[in-house]
Amino acid sequence: MSRMTALIGKELVDQRRNPMLFMPVVIVALVAIMLPLMVAIIIPRLTDEKLSDSSDIEVAFEMYRDQPALLTLDPEGAIQAFIFQYFLLIFMLVPVTCAMSVAANSIVGEKQSRALEPLLATPITTMELLGAKVLGSLLPSIGMSVACMAFYLLLVLLLAQPGVAWAILGPRSLGVVFLLGPLAALAALQLAVCVSSRVNDARTAQQLGVTVILPIVGLFISQLMGAFKLTGPVILAIAGGLVIVNAALMALAVRLFDRETILTRWK
Amino acid sequence: MISASHLTRRFGTRVALDDLSIELKSGEIFALLGPNGAGKTTTLRLLAGLIAPTSGSVQVNGEAMTAASASKLRARIGFLTEAPGLWDSLTVRENLEIYARLYELAAPRRAVDEALALFDIRDRARDRPSELSKGLRQRVALARSLLHKPRIVLLDEPTAGLDPESAREVRELVLGLRGEGRTVLLCTHNLDEVDRVADRVAVLRTRLIAAGTPQALRERLFAPRILIRLRQEASRFEASLRGTGITDITIDQRQISVALNGTPLSTPDLVRQLVQWGAEIEAVVPEEPPLEDVYVRLLHSEGAGQ
């Protein structure tokens, strides 16, 4: 365990000294934060049109009828809360982008600097090494995700109708940020491990790994088109799917992250 | 200390190492020579427990290297890989500290301080490896591989690409390891370096071609020769020398090189004769063929034998 923490510490120092690594994450986070704010607050204010005049108010009430907090909101607040919660899926892109960027850079970087062989010559086991790589990428991803969510809620608290921030701070939001986010990030970074073993350039790894955002965007669009609502059971179902994907990717990552494979087949 | 018994490693259908058996003793520097692709790095990786043999075994202090014991046994081995493989985003001190913790040293900071002092890199401890010269990076890598004070040290081309001064420094550090009673296995293409530091040499081309002390290998392949340096032109004595029954004579301006094996003459007899013939002798030294000649001949004889 101490060997893992040593290596995780190294990963975190590495990330702190390479802040540009987080640039894609910052861009994704800004989009995830600004998009719902634009739709729910900025555009209505600029056009001087109330959201509650829209027919979507019924959809909002429909979605929130099981949430007592909504009943205390005025119609404008209810539809704002509806929009803010609708866009929560986009927040899954934050940990995913972060994990992908950090993991790809970490593994490809070590391949390029040929730092893996001396590392493998220490008593560290390959599972410890893989664990350190995964946690070293997952921790900042979850951190970024939580920070973005906190910032999002702060903006909602400041800019939206009173009570909206509390209304969206329910099990669904927490489920998206603390369950789906880390699971999606774990899938992304395991994909990064698999991809990184086959490429010698972090950007290529990131570009290949970016395919993991497609299902998230697909989910978001499906939700917009009314294919499903992001309810508790839906979140659990998505989480279940991610667990299966993660298990499959972990089996592949463990196979690729074998000491012998790294030394003899990673090019 | 560390031994390999009938070690074979295949990668698919390719045989990288075939039936290698060697035993390294405490306090000796053992050099592994061979052309590119001869299996030198594979041997080091097998001995370091980084990869598993297809067949055969490795023993470290009598304990077999297995999947279960490899992690523990790696803690007893220091492995300097061909590339320094330092983390450029970390300082020299941080690089060493992470490794000290990976080796689970009781006092990692103190171990790093000692290593920085021993390798004379204290003043560069806050620098990033990318700011160091190649020689200094190699020194940091060597410090890293010795942080945990291993009794067995495996060095993969430690002076490759270094300038003569840096190479000499690394060589002195390697000699220092022998002085401390550690076992050193050195993989290199630098035959002059091997001649300077190695106690024993093995020539490898997938399988072991020959092993022994440099002197023993020389004697095995080349007849002992004597080099005599004269004040005058040496060619004038060639006919007289041949008259004594010496057949293997090489003349080069004021130098005579002769092989005395197979003749009734000893070195003092020869010197006496030359003096009688009027030669003014400046020096008489045993002539040793360079290790490169031994190496090339071994490889050629192996090639011819195949």
Side-chain angles (χ1 to χ4, degrees), chain A residues 1-22 101-102 105-133 136-137 140 200 202 254 257-267, chain B residues 9-12 14 16 41-42 44-54 67-91 94-95 97-105 108 128-130 137 140-142 144-145 147-148 150 154 156:
Chain A
M1 192 63 190
S2 63
R3 292 191 289 252
M4 256 176 83
T5 50
L7 211 50
I8 291 170
K10 176 257 158 191
E11 295 291 325
L12 298 180
V13 171
D14 212 358
Q15 291 157 21
R16 206 176 64 228
R17 301 226 172 118
N18 191 4
M20 290 307 285
L21 201 61
F22 295 99
S101 179
V102 171
N105 187 73
S106 162
I107 295 166
V108 176
E110 294 208 336
K111 272 174 80 176
Q112 284 172 333
S113 63
R114 300 173 74 182
L116 279 170
E117 189 170 2
L119 194 55
L120 290 168
T122 69
I124 198 164
T125 64
T126 27
M127 285 312 289
E128 284 173 330
L129 182 55
L130 180 60
K133 289 284 171 197
S137 304
N200 281 320
V254 166
F257 216 78
D258 169 71
R259 190 175 294 267
E260 288 225 11
T261 313
I262 292 170
L263 288 169
T264 58
R265 292 196 202 150
W266 281 26
K267 297 290 176 217
Chain B
R9 174 67 206 213
R10 290 191 189 88
F11 294 108
R14 187 176 70 84
T41 300
T42 300
L44 289 188
R45 286 174 172 176
L46 286 163
L47 292 175
L50 265 68
I51 57 174
T54 307
S69 68
S71 174
K72 184 182 74 179
L73 294 182
R74 277 200 299 274
R76 299 182 196 166
I77 297 169
F79 186 15
L80 177 73
T81 51
E82 192 180 342
L86 300 165
W87 292 308
D88 278 337
S89 57
L90 273 60
T91 64
E94 287 166 340
N95 262 281
E97 277 183 5
I98 298 285
Y99 271 83
R101 291 173 63 198
L102 287 171
Y103 282 110
E104 297 181 309
L105 302 184
R128 307 259 179 109
S130 55
R137 279 204 299 273
V140 176
L142 195 54
R144 181 189 61 195
S145 54
L147 262 178
H148 54 302
L154 311 176
D156 197 356

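To find a chain, count down the sequence lines: A is the first, B the second, and so on, and within it residues start at 1. Reckoned from all heavy atoms, side chains included, excluding hydrogens, waters and symmetry mates.
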Heavy-atom distance under 4.5 Å to chain A: side chain of [X], backbone, both or neither?
X	result
B:A48	neither
B:A141	neither
B:I51	both
B:P84	backbone
B:E97	neither

What option among [options] has the most heavy-atom pairs under 4.5 Å with chain B?
options	result
A:N18, A:T126, A:L120	A:L120
A:L119, A:T5, A:I124	A:L119
A:G109, A:S2, A:A115, A:G9	A:A115
A:V13, A:L7, A:D14	A:D14

Only pairs at least two apart or in different chains count here, so list each salt bridge (charged side-chain N to carboxylate O under 4.0 Å, His left out) that has a residue in residues 75-89 of chain B.
-> B:E63-B:R76
Output every pair passing salt bridge (charged side-chain N to carboxylate O under 4.0 Å, His left out) with a member in residues 45-54 of chain B, not counting sequence neighbours, ordered by first then second residue.
->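 Those involving residues 45-54 of chain B are A:E117-B:R45.
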Counting heavy-atom pairs under 4.5 Å to chain A, which of B:Y103, B:F79, B:F11 comes out on top?
->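 So the answer, after comparing B:Y103, B:F79, B:F11, is B:Y103.
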Do you know which of B:L86, B:L50, B:T81 has the most heavy-atom pairs with chain A at a distance under 4.5 angstrom?
->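 That would be B:L50.
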Side-chain (B:R74) to main-chain (A:T125) donor-acceptor, under 3.5 angstrom | no
Backbone of B:S89 reached by a side-chain donor or acceptor of A:R17 within 3.5 Å |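 It does hold such a pair.
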Quick one: what part of A:E110 sits under 4.5 Å from any heavy atom of chain B, side chain, backbone, both or neither?
-> side chain
Determine whether A:P123 and B:E104 make a side-chain contact, defined as any pair of heavy atoms from C-beta on separated by less than 4.5 Å.
->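 Contact flag for A:P123/B:E104 side chains = no.
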What one should report as the nearest heavy-atom pair of A:P118 and B:R144 is CB-NH2, 3.3 Å
Run the numbers on A:T122 and B:H148 for side-chain contact (heavy atoms from CB on, under 4.5 Å), then give the verdict.
-> CA-CA 10 Å; A:T122 69; B:H148 54 302; over 6 Å; no
